[in-house]
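Note on naming: letters A, B, ... go to the chains in the order of the sequence lines (proteins, then strands), and numbering restarts at 1 for each one.
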Amino acid sequence: MAEPDLRLEKLVGVLRRRGVILPAFEIHGGVAGLYDFGPVGGRLRNRVNQVWLEHWLKLGNVVELSCPTITPYPVLSASGHVGEFSDFLTTCGQCQVSLRADSLLQESHSNPDSLTAVELESEIAARNPQCPDCGATEWTSVTSQSLMFNTIIGGGKSGREGFLRPETAQGMFTNFPSLYRHFRQRLPFGAVQVGKGYRNEISPRQGMIRLREFNMAELEYFIDPEVEPMHDFSQWENLPLNLISNRDDELSQSIPDALSAGVIRHATVAYFMAQTYDFLVAVGIDANRLRFRQHKESEMAHYASDCWDVEILGSYGWVECVGIAHRGCFDLEAHELATGHRLRAWRQWPQAVEVDKEILTIDGAKAGPAFRDRAGLVKDALEALEQIPTEFPLELTLSSGEVVTVESEHVKRQRIQQTVNGEWFLPHVVEPAFGIDRIIWHIIDHAWCEIEKEGQDYSVMRLAPDIAPIDVAVLPLFEKDGMGKMAEGLNRTICSTKGLFSYYDGSGSIGRRYARADEVGVPWCVTIDHQSLKDGTATIRQRDGQQQIRHPLDEISELISGGMVGKLFS
RNA sequence: GCGGAUAUAGUGAAGUGGUUAUCACCUGAGGUUUCCAACCUCAUAUCGUGGGUUCAACUCCCGCUAUCCGCACCA
């Protein structure tokens with residue numbers, strides 16, 4: 001490859017100059033990790049989002065949600081983000097290595113994870129732990145490295161702590177009851193959301209690759225773990241893909257083959273991998289620069305049973321752009337535990353079961369005064385006991401973690417006789433999560449090429465017509481004799497056609513204007529010339545291949561919006 | 001967050017302690033031109049930002065911000 005760094009520099013220059021992607025707030029000095037999609041990029045982003053949405057909605061049992069980005073503290077505490085996303089760091093005064101402050105106290109403190117920044121700092125000062133790298137005992141002050149943006153919801157004393165969401169998923173989990181009702185209590189179903197996520201990265205790098213505010217698109221697909229998933233893989237049977245298993249085996253195998261070989265562990269994960277492949281190729285990712293990499297046991301969250309990343313090769317090497325994870329019931333269970341709201345689906349058994357058993361429950365008159373506000377928890381814990389205990393007093397662990405002493409006078413036996421028709425269970429979730437900015441970056445990276453044209457470097461963005469931000473450039477050969485007027489009229493017609501967008505360009509030579517259009521990936525140029533004035537036809541030029549055909553003006557917008565124009569060139 | 005380098009027009013670069021800061025491409029206006037970056041004329045910058053040194057700072061010094069490269073962090 002010839003000077004990849006130079007290519008990257010040139011590409012970044014093109015994107016800035018033409019208003020595709022540029023640093024945000026640049027006139028104020030800019031902010032690391034924040035980028036604008038400019039006059040051309042804005043519509044590009046929108047179209048990629050749109051194609052993504054349509055791709056998943058066509059599954060037929062998927063709906064779109066839109067949830068707030070401002071998220072109250074308890075939601076992200078329940079989901080585990082508060083713990084996961086904030087670390088306390090300190091730096092060695094000698095060798096400058098940065099470490100998690102709690103890891104320094106692992107030896108000397110029973111639970112360093114629970115300490116606040118101030119406590120960590122005084123503990124470190126008191127115990128003088130050695131730097132594992134250089135052995136020094138000087139440490140800088142402890143700083144919090146929360147990766148979430150904090151905010152206060154509301155003002156004054158009533159203000160509640162909150163965050164800007166680090167992912168869109170939580171809103172879809174908290175909406176489970178509404179989704180369940182919408183789908184008339186029948187699994188499987190899914191919810192998608194396209195929107196912004198925020199992570200206060202310590203050092204954003206590599207342009208669009210690591211951002212502080214980013215566009216993401218996620219699908220949460222809820223399934224019954226006891227029902228064998230039914231997916232039609234016929235479309236992908238003879239399509240070998242690049243797979244790297246968690247044992248680092250590099251395979252070239254079709255998705256259904258990898259599934260039956262047990263490399264991919266779950267059919268729904270496999271199905272979404274195949275769908276993801278189709279989406280990425282449809283928006284212009286080069287299939288040869290795309291691979292699936294399975295997470296190793298060690299890098300997978302404990303609750304996940306299988307997880308695959310899609311990595312795309314571009315100017316920054318292989319970059320993770322999509323994660324497809326089987327999350328088990330982790331998320332719904334976490335929110336259920338935190339809120340007490342049932343986030344379950346009903347499974348009807350084929351045969352009703354008659355239950356006739358004895359359980360232990362509280363004797364309200366005695367246990368009520370004894371346990372007061374915990375009486376309900378005591379009741380739940382007692383009724384959940386598999387075996388009826390015979391010895392009292394009994395040490396009973398409540399769901400809150402608290403242990404209480406139960407005397408025999410607090411309890412009574414109760415006979416249960418009922419018919420049970422089914423059970424409530426926690427659905428499992430398979431989640432494909434897409435980093436839209438990273439995907440857009442790679443679409444551009446793969447689409448942009450410099451070719452030699454008459455001895456000059458010539459820059460072309462070979463964007464797929466479905467996502468090209470500008471569908472048509474309307475060009476009068478000259479801006480005189482009414483050609484300019486005619487072209488302006490056509491431009492308005494195209495812009496008012498649903499789904500189409502065009503621009504008018506009358507300045508410079510015709511070749512220069514074709515070049516300008518090619519550089520931002522306009523697939524079609526329509527040129528009005530002298531003949532157009534006479535017979536109402538114009539030439540349509542194809543970006544890739546640079547061929548031209550002549551066609552009646554009044555059919556052009558229909559031809560392009562119907563996606564039929566490409567056929568004229570074959 | 002640490003260390004190093006860098007910051008001049010839309011893009012890419014040159015240059016200087018002292019009147020109007022160069023160059024190429026791009027962009028705009030006018031001319032010319034019957035389809036692929038042609039040509040001619042003209043136009044477009046308070047030299048990242050705040051402070052200091054100086055009679056005078058784009059130029060020297062310091063802080064900040066951003067970018068790039070290592071390290072660390074993150075996925």
**Message:** Between R17(A) and C26(B), is there a contact of a side-chain N or O with OP1 or OP2 at under 4.0 Å?
**Reply:** no

**Item:** Side-chain-base donor-acceptor pair under 3.5 Å for R541(A) and C36(B)
**Value:** yes

**Fill in**
Taken to the nearest whole Å, CG/D529(A) to P/U34(B) is 12 Å

**Prompt:** Taking E519(A) as the fixed residue, which of R513(A), R17(A), K10(A) is the one that meets the salt bridge (charged side-chain N to carboxylate O under 4.0 Å, His left out) rule?
**Reply:** R17(A)

**Test: R43(A) and D471(A) ion pair at under 4.0 Å** = yes

**Message:** Quick check with a 6.0 Å cut-off and a 45 degree axis cone: is R293(A) positioned over the face of W308(A)'s six-membered ring?
**Reply:** no

**Prompt:** Quick one: on RNA chain B, does A32(A) or E26(A) contact a more 5' nucleotide (nearest heavy atom)?
**Reply:** E26(A)

**Request:** For nucleotides G28(B) and G10(B), find the distance between their P atoms and express it as a whole number of Å.
**Result:** 14 Å

**Message:** I want to confirm an ordering. Mapping V12(A) and I528(A) to their closest nucleotides on RNA chain B, which one lands closer to the 5' end?
**Reply:** V12(A)

**Prompt:** Can you tell me how far P of A29(B) sits from CD of E479(A), to the nearest Å?
**Reply:** 8 Å

**Asked** For K453(A), which contact category applies under a 4.0 Å heavy-atom criterion: base, sugar-phosphate, or nothing?
**Response** base

**Request:** Would you kindly give the NE2-to-P distance between H442(A) and A75(B), to the nearest whole Å?
**Result:** 19 Å

**Item:** Between G17(B) and A7(B) - P atom distance, rounded Å
**Value:** 16 Å

**Request:** On the 0 to 90° scale, with breaks at 30° and 60°, tag the H326(A)-H428(A) ring pair as parallel, tilted or perpendicular.
**Result:** perpendicular

**Prompt:** In whole angstrom, what separates K534(A)'s NZ from U34(B)'s P?
**Reply:** 13 Å

**Request:** Assert yes or no for the condition that the ring centre distance of F272(A) to W56(A) is strictly below 6.0 Å.
**Result:** yes

**N or O in side chain of S509(A) less than 4.0 angstrom from A38(B) OP1/OP2** = yes

**Message:** Taking the P atom in each of G3(B) and C60(B), what is the distance between them to the nearest angstrom?
**Reply:** 22 Å

**Prompt:** Taking atom P of A75(B) as reference, at what distance in whole Å does atom CD1 of I324(A) sit?
**Reply:** 19 Å

**Message:** Does U27(B) have its OP1 or OP2 closer than 4.0 Å to a side-chain nitrogen or oxygen of R512(A)?
**Reply:** yes

**Request:** Give the rounded distance in Å between these two atoms: CG of L34(A) and C1' of U65(B).
**Result:** 13 Å

**Item:** Gap in Å between the two P atoms, one belonging to U32(B) and one to C25(B), rounded
**Value:** 23 Å

**Between C25(B) (P) and E9(A) (CD): distance, integer Å** = 20 Å

**Message:** Just to be sure I understand the rule, does Q531(A) reach a base, reach only the sugar-phosphate, or reach nothing, if contact means heavy atoms closer than 4.0 Å?
**Reply:** nothing

**Message:** Using a 4.0 Å heavy-atom cut-off, does S459(A) contact any base of the nucleic acid, only the sugar-phosphate backbone, or nothing at all?
**Reply:** base

**Asked** Using a cut-off of 4.0 Å on non-hydrogen atoms, how would the nucleic acid contact of G38(A) be classed: base, sugar-phosphate, or nothing?
**Response** nothing

**Message:** Please determine whether a side-chain nitrogen or oxygen atom of S507(A) lies at a distance below 4.0 Å from atom OP1 or OP2 of G28(B).
**Reply:** yes

**Asked** Base, sugar-phosphate alone, or nothing: which one does R205(A) contact when heavy atoms must sit under 4.0 Å apart?
**Response** base

**Request:** Assign R516(A) to base, sugar-phosphate, or nothing according to its heavy-atom contacts below 4.0 angstrom with the strands shown.
**Result:** sugar-phosphate

**Sugar-phosphate, base or nothing in reach of V14(A), heavy atoms under 4.0 Å** = nothing

**Request:** May I have the distance from I21(A) (atom CD1) to U67(B) (atom C1'), rounded to whole angstrom?
**Result:** 16 Å

**Fill in**
For RNA chain B, consecutive-pair runs of 3 or more (Watson-Crick or G-U wobble, both H-bond-type distances under 3.5 Å) give B:1-7 with B:65-71, B:10-13 with B:22-25, B:27-31 with B:39-43, B:48-52 with B:60-64

**Asked** H442(A) and I209(A): which non-hydrogen atoms are nearest, and at how many Å?
**Response** CE1-CD1, 4.1 Å

